[in-house]
Amino acid sequence: MSTVRLEGVEKAFGSRPVLDGVDFAVEAGEFVAMIGPSGCGKSTVFNLLAGLEVPDRGAITVRGDSPVSHSHCAYMPQKDLLFPWRSVLDNTSLGLEVAGVARAEARARAAALFPTFGLAGFEAARPSQLSGGMRQRAALLRTVVQEREVLLLDEPFGALDSLTRTEMQTWLQDVRGRYRWTVLMITHDIREAVFLADRVVVLSARPARVCRQVDVGLARPRTLSMVTAPEFAAVEHQLIEVLHEQSRRALAQQEMAAHQEAPQS
Amino acid sequence: MSTSLAPEATRTWRASRLLPAVVVFGALLLVWQVYVVASGVRPQVLPAPSRVLAQGWSHRGDLAMHAMSTLTVTLVGFAVSLAFAWAVAIAVDFSDWLQRALVPLFVVSQTLPIIAIAPLLIIWFGFGLLPKVVVVALVTFFPVAIGLIEGFAATDRDAVALLRSMGASKWTRFRYVRLPSAMPRFFTALRIGVTYAVVGAVFAEYVGARSGLGIYMAQQKNAFRTDLVLAAVAVTAAITIVLFVSTYAIEKIVAPWALAERSM
């Protein structure tokens, strides 16, 4: 039985369909990247998995449970959302505290992960004192320490400069290898998807469905030099073709909608 | 290291920012003094600043007694107002129905002419503390309540979603995110409110009281002691400034990050 399972999931906001029968699964210990044209409903899939929204039709299960009744997913939103009124340590232990873990124990459990996340010595610092990369690692720590079965990462490195992003990707691959997390990650960056994931799920233009799944058969640990290898380029090329076709469709749709909304001339 | 340097930097920054205001204020007092001395205008019409200071000092016992009275009205009235504003703002944050029911009423309450109502309050509640506390509360409730309601509503939706994904109840979300998110707006509203509170207290006393700077001003005006009226005005201004500055001190203790955020 798959850890995460979506079957024929449909969701509309008002009269606007966003998801039109999304099917895919994530196995235990697997790293799956999800890509698709912007605005296609990737974040909606995450909101459904995090139990923030309910599907109109279809079934979602995570470890056999519906996310609304019992969530097994820890969610890392696009923005780091570190609160300025809490120290870095108190920010990272937030999820445990909310879940009812005693404050001292929550802090101790989060603090134990600080060296792994390259944050040792910054426990008492304010979030504003951290660099961009450190803020993302703190946000990831806050997600991981909840010890839920599945991590949902929504463009975790989207806001970083490309050099920091590359470092963070290498670092994430390294810690993920150690902890064997089950990860579902949204990204706009095809190279990032191929570098990190075991499998890439491509969503179509809105209303979204899964239009392609590509297994990334590259050996681990992956190194930066592999990015230029022919096998890497082959996977990347497949994805670029599908994604661009979908992006063109999405763009055409947006133009159509703009024309319809514009006053008759 | 950077944290120990920061407060000192802000202090010198503030002192140098205040300097132009002090210079202009001093220059205005000087012009006033020179004009009174040169023109020989009668002190009943316009006393010189030096006379206001000297007469104020020689009546310091009276002024202090009335100032204490005014300060009591201000603080009690503002405390009552704050308690109501918090209770109502939290209730409104938890219930859309209450929000739609109450917020328009608050706006309407602001259209009531307080000048007409204050004398009625004296008729209803007498010359004691109560009518003055009611006036101060009426004047300050609106800005504080609206500041809080808008502060709660200004919470980042994504932050609330994050807390929901962690399984937080509505109350937990309020305590962990909405309440701290409202602090910057709350303290802005507090500063506006506390200055209104002093004006409200003096006005309520002016209408009728046994003691207080308001009634003191009214009595001195009737005795043509313009110098003592102005001395009472100066004391009122001093009280307002002290209360205003103390809100920064409170903010520094309660929500230092809100101060830091605003100065960015």
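Both backbone and side-chain heavy atoms feed into the values below; hydrogens, waters and symmetry mates do not. So you know, we letter chains A, B, ... as the sequences are listed, proteins then strands, and number each from 1.
- Residue contact with chain A, scored on non-hydrogen atoms closer than 4.5 Å, is absent for Ser169(B).
- With a 4.5 angstrom heavy-atom cutoff, Ala255(B) does not touch chain A via any of its atoms.
- The residue among Ala159(B), Pro180(B), Gly167(B) with the most heavy atom pairs within less than 4.5 Å of chain A is Pro180(B).
- With hydrogens and angles disregarded, no donor-acceptor distance shorter than 3.5 Å links the side chain of Ser95(B) to the backbone of Ala91(B).
- With a 6.0 Å cutoff to the six-membered ring centre and a 45° limit on the axis angle, Arg191(B) counts as a cation-pi contact of Tyr248(B).
- Between the side chain of Thr92(A) and the main chain of Arg142(A), no donor-acceptor pair closer than 3.5 Å is present.
- Between Asp90(A) and Arg103(A) a salt bridge is recorded (basic side-chain N to carboxylate O distance below 4.0 Å).
- Using a cutoff of 4.0 Å between basic side-chain nitrogens and carboxylate oxygens, Glu27(A) and Arg199(A) are not scored as salt-bridged.
- Proximity to chain A is limited to the side chain of Asp156(B), based on heavy atoms less than 4.5 angstrom apart.
- With hydrogens and angles ignored, the 3.5 Å screen pairs no side-chain donor or acceptor of Glu105(A) with any backbone N or O of Ala102(A).
- Heavy atoms closer than 4.5 Å to chain B are found in both the backbone and the side chain of Tyr75(A).
- When each of Leu152(A), Leu81(A), Thr143(A), Asn47(A) is checked for heavy-atom pairs under 4.5 Å with chain B, Leu81(A) comes out on top.
- Residue contact with chain A, scored on non-hydrogen atoms closer than 4.5 Å, involves the backbone and the side chain of Ser165(B) alike.
- Only the side chain of Pro77(A) comes within less than 4.5 Å of a heavy atom of chain B; its backbone N, CA, C and O stay farther away.
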